[in-house]
2 protein chains.
Amino acid sequence: MDANAGKLDLKKKFQEFGQKYTAQRQAVFDIMLEHNELHMSSEEIHARLKQMHPGIGVATVYRTLQLFDKMQIIRKTGLEDGFTRYELNDQNQHAHHHLICNSCGNVINMEDDLLDELEEQIYIKMGFTVHNHNLKFYGLCKNCV
Amino acid sequence: MDANAGKLDLKKKFQEFGQKYTAQRQAVFDIMLEHNELHMSSEEIHARLKQMHPGIGVATVYRTLQLFDKMQIIRKTGLEDGFTRYELNDQNQHAHHHLICNSCGNVINMEDDLLDELEEQIYIKMGFTVHNHNLKFYGLCKNCV
DNA sequence: ATCAATGCAAAGATTTTGCATCAAG
DNA sequence: CTTGATGCAAAATCTTTGCATTGAT
């Protein structure tokens, strides 16, 4: 894998969107890539950014995350805990699902999609064309049963 | 159907939870029952409450909604728009799904569940016991295609 | 009569905005 | 150069909390 693959992709994507490619935006993307499974809030992302990029401001993080959301680079996970949380959005496939343990609070990713059939039924029954989905399961993980 | 059915249920449920049955709590429940399909935020619920119950305070609404959530009378819908939104929680069955139109913003309920098979696979593959779920589909409704 | 629930206002927390400065194209 | 992006601080939002009072049991 090319070490610059992420940077090149991002720069090109910004050009397509008529947006400027900046060090801060790249840094936010890098952090998301590195800690994607943590479903970080804006605050958590900002805290991690400051380690490598001390001067970065909160406003930039919020604005960058909004932009990334609009560009479909990331999406909101919505764990309903008072923070807006984000994860990378794989644009080649529908989103994975989240298994949220009611006991320990852990959030486990489940990579299989398995909703194609249901989405087809939705189109047939309701005339609604599905582009993506967000599915959370609540229950008990194997450690907490 | 008995006109007092809702009230009687609620009073009993509060007793079981060691909570007091108050006019304000009943009023919040009534509003939820009447406008459930609106997926109202706390603010919207408060606004509607004030029509019939002018003196009610925001804090009471927030506290009541938290209590209802804990009692599993309602659940958070999580439409990711900056507000915490709620709907009644049918305790006899898993939650219905939401079809969210990316164009007009409408939120359509889909009553069929159809996730039993998937939930069984989750238990087999991941050892995770599903109690409930929250599924949102994003796309275009039939009016916006 | 007791103790929790309410209403009000103040405080907290998260997110957004205005503006001068800086930097990408 | 020009225009948008950044950082800071202030403001705006949404939600929670403290406390005196009210009301349910």
Side-chain angles (χ1 to χ4, degrees), chain A residues 7-8 10-31 39-71 73-74 76-86, chain B residues 7-8 10-31 39-71 73-74 76-86:
Chain A
K7 293 199 183 189
L8 294 172
L10 202 58
K11 196 162 186 176
K12 194 175 149 201
K13 216 168 186 344
F14 277 126
Q15 285 170 346
E16 289 167 10
F17 262 76
Q19 294 284 337
K20 288 180 178 169
Y21 173 80
T22 69
Q24 290 88 336
R25 288 172 174 184
Q26 180 65 53
V28 172
F29 183 77
D30 291 345
I31 291 285
H39 308 102
M40 292 177 288
S41 64
S42 316
E43 194 189 351
E44 286 166 355
I45 293 167
H46 182 236
R48 285 181 189 278
L49 280 167
K50 289 215 289 192
Q51 293 173 13
M52 295 298 289
H53 218 284
I56 200 163
V58 231
T60 300
V61 176
Y62 278 98
R63 282 185 287 229
T64 302
L65 291 171
Q66 280 181 340
L67 176 64
F68 281 10
D69 191 34
K70 211 178 301 176
M71 291 170 75
I73 291 173
I74 60 175
K76 297 177 182 172
T77 51
L79 302 183
E80 311 306 332
D81 64 348
F83 301 88
T84 306
R85 296 180 173 279
Y86 297 91
Chain B
K7 294 199 180 184
L8 293 171
L10 202 58
K11 197 164 186 177
K12 193 174 149 201
K13 216 168 185 345
F14 277 126
Q15 285 171 346
E16 288 166 9
F17 261 76
Q19 294 284 335
K20 287 182 179 168
Y21 173 80
T22 70
Q24 289 90 335
R25 288 172 175 184
Q26 179 66 54
V28 172
F29 183 76
D30 291 344
I31 292 286
H39 308 100
M40 293 176 288
S41 65
S42 316
E43 196 188 348
E44 287 167 353
I45 292 166
H46 181 235
R48 285 181 189 277
L49 279 167
K50 288 215 287 191
Q51 293 173 13
M52 295 298 289
H53 217 285
I56 200 164
V58 234
T60 301
V61 176
Y62 278 98
R63 283 186 286 228
T64 302
L65 290 170
Q66 280 181 341
L67 175 64
F68 281 10
D69 191 34
K70 210 178 301 173
M71 291 171 75
I73 291 173
I74 60 175
K76 297 176 181 172
T77 51
L79 302 182
E80 311 307 331
D81 64 347
F83 300 87
T84 306
R85 295 180 174 278
Y86 298 92

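Naming: A, B, ... by sequence-line order, numbering from 1 per chain. Everything quoted here is computed from the prediction, not taken from an experiment.
Checking dG7(D), dT17(D), dT14(C) against every side-chain atom of Ala59(B), the shortest atom distance belongs to dT17(D). If you check dT16(C), dT14(C), dG7(C) against the side chain of Gln66(A), the one that comes closest is dT16(C).
Scanning both residues, His46(A) and Gly57(A), for their nearest heavy atoms gives NE2-C, 3.7 Å.
In this structure, the CD atom of Gln24(A) is 11 Å from the P atom of dC8(D), given to the nearest Å. The CZ-P distance, from Arg85(B) to dT15(D), rounds to 10 Å in whole Å. Rounded to whole Å, atom P of dA13(C) lies 16 Å from atom CD of Glu44(A).
Using cut-offs of 30° and 60° for the angle between ring planes, the Phe29(A) and Phe68(A) rings count as perpendicular.
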Trace of the side chain to side chain contact (heavy atoms under 4.5 Å, CB included) decision for Arg25(B) with Leu67(B):
CA-CA 10 Å; Arg25(B) 288 172 175 184; Leu67(B) 175 64; 3.5 Å; yes
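Remark on the helix from dA1(C)-dT25(D) to dG25(C)-dC1(D): inter-end axis angle 40°, axes from five-pair C1' superpositions, rounded to 10°.
One side chain, Gln26(B) or Tyr21(B), offers a donor N or O that lies under 3.5 Å from an acceptor on the other.
Contact check, Thr84(A) against dT14(C): no side-chain N or O comes under 4.0 Å of OP1 or OP2. The shortest distance between the side-chain N/O atoms of Tyr62(A) and the OP1/OP2 oxygens of dT16(C) is not below 4.0 Å.
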Can you build the contact string for nucleotides 19-25 of chain D? Use B for base contact, S for sugar-phosphate-only contact, and - for no protein heavy atom under 4.0 Å.
----BBS
